[in-house]
Protein chains: 2
Amino acid sequence: MRYSKQREEILKIIRNTNVHPTADWVYEQVRKTIPNISLGTVYRNLNQLVAAELILSIKDNTVVRYDGNVNPHNHFKCLRCGNVYDVEIPENDFIPQINRIGAHRVTNVRLELEGICADCVQKEKLN
Amino acid sequence: MRYSKQREEILKIIRNTNVHPTADWVYEQVRKTIPNISLGTVYRNLNQLVAAELILSIKDNTVVRYDGNVNPHNHFKCLRCGNVYDVEIPENDFIPQINRIGAHRVTNVRLELEGICADCVQKEKLN
DNA sequence: AATATTAATAGTAATCATTATTGTTATTGT
DNA sequence: ACAATAACAATAATGATTACTATTAATATT
């Protein structure tokens, strides 16, 4: 993978946010510094960065979101505001029980959490 | 929701399979008995059946799959053959620890499992 | 440093699952 | 039987993503 300023900028943007951006959001951001970048370039580079394991991709409904935090962790989606949060869960607590599901060999466990985030819970209390 | 033979047929098809079909698969099946049914009708009815909680929808990569089993359960996807299996997990074992993730209020926990299914493990041993 | 090689780019067209639209048909209440 | 309207078939539109093509730029080689 040879260097390009487009890819460097895209990686920097993803590492400097915690909003789990979509390709389109990244596109809007990177256009501020590289105005004539192509949306296709953003998609291609996001895929390359995922392949190189420099970022993670998470599927949210119909869109793909990206995450600069490559440490194993899970996600919590707020059903009210739509934000996606990183959550650390001590996987050891429940993974062992999961590895023997029937006769299937489990290699990958993803926990998807939904609910109301702390901010929205707070706002709810104010009403 | 008023009656239609199209919806009845779609529901029957989903209840009589365990392949977690896509909209397109359902469309091909239902065309055997209702040849001039429209793909749009299949999509609209699948959405209505999900809203009525008569079936479940599960997202698999870029497509949506449907499941006639509405009891709480999780899914295991085989990375070799692509099949999606229902798996029953005693949720009680790990859910309690999860409900207190930070200050977020968790209402929904989905566990997505991946690996090699029993059939593929078996085939692997034969080689 | 100049040149050759080819990955990466910008711009745009194509794809694919899904949803929306429109005119017609079928179900249900009166 | 008839009116009201949910559901239909057919098809157009949408939106996220990928593919294509000619051009540009990063790295290797002389």
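Note that these values count all heavy atoms, side chains included, but never hydrogens, waters or copies made by symmetry.
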Does Ser38(B) make a side-chain donor-acceptor contact with the base of dA10(D), cut-off 3.5 Å?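 Result: at least one qualifying N/O pair found.
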May I have the distance from [X] (atom [atom1]) to [N] (atom [atom2]), rounded to whole angstrom?
| X | N | atom1 | atom2 | result |
| --- | --- | --- | --- | --- |
| Ile37(A) | dT9(C) | CD1 | C1' | 9 Å |
| Tyr27(B) | dA10(D) | OH | P | 8 Å |
| Arg7(A) | dA10(C) | CZ | P | 12 Å |
| Tyr43(A) | dA16(D) | OH | P | 7 Å |
| Arg2(B) | dG29(C) | CZ | C1' | 9 Å |
| Arg44(B) | dA17(C) | CZ | P | 19 Å |
| Asn45(A) | dT17(D) | CG | C1' | 15 Å |
| Leu46(A) | dT18(D) | CG | C1' | 13 Å |

From CD1 (Ile116(A)) to CD (Gln122(A)), nearest 0.5 Å: 13.5 Å
Return no unless some side-chain N or O of [X] is found under 4.0 Å from OP1 or OP2 of [N].
| X | N | result |
| --- | --- | --- |
| Thr41(A) | dA10(C) | yes |
| Asn47(A) | dT18(D) | yes |
| Gln6(B) | dA26(C) | no |
| Ser4(A) | dT9(C) | yes |

Residue matched to dA8(C) through Watson-Crick or wobble contacts both under 3.5 angstrom: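 Partner of dA8(C): dT23(D).
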Find which nucleotide of DNA chain C each of Gln48(A) and Leu39(A) is nearest to by heavy atoms, and output the residue with the more 5' nucleotide.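 Nearest-nucleotide comparison on DNA chain C picks Gln48(A).
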Lys5(A) or Val63(B): which one's nearest nucleotide on DNA chain C is closer to the 5' end?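 So the residue in question is Lys5(A).
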Side-chain donor-acceptor pair under 3.5 Å between Asp67(A) and His73(A), yes or no?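 Note: Asp67(A) and His73(A) side chains meet the donor-acceptor criterion.
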Do Val50(B) and Val30(B) sit in the same hydrophobic cluster, where Ile, Leu, Val, Met, Phe, Trp and Tyr count as joined when their side-chain heavy atoms come under 4.5 Å apart?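 Yes, Val50(B) connects to Val30(B) through the hydrophobic network.
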Test applied, side-chain contact (heavy atoms from CB on, under 4.5 Å); reference residue, Ile10(B); option that passes from Ile55(B), Leu49(B), Ile34(B):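 Among Ile55(B), Leu49(B), Ile34(B), the one that satisfies the side-chain contact (heavy atoms from CB on, under 4.5 Å) with Ile10(B) is Leu49(B).
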Is a salt bridge present between Lys59(B) and Glu112(A), judged by a nitrogen-to-oxygen distance below 4.0 Å?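 Salt bridge flag = no for Glu112(A) with Lys59(B).
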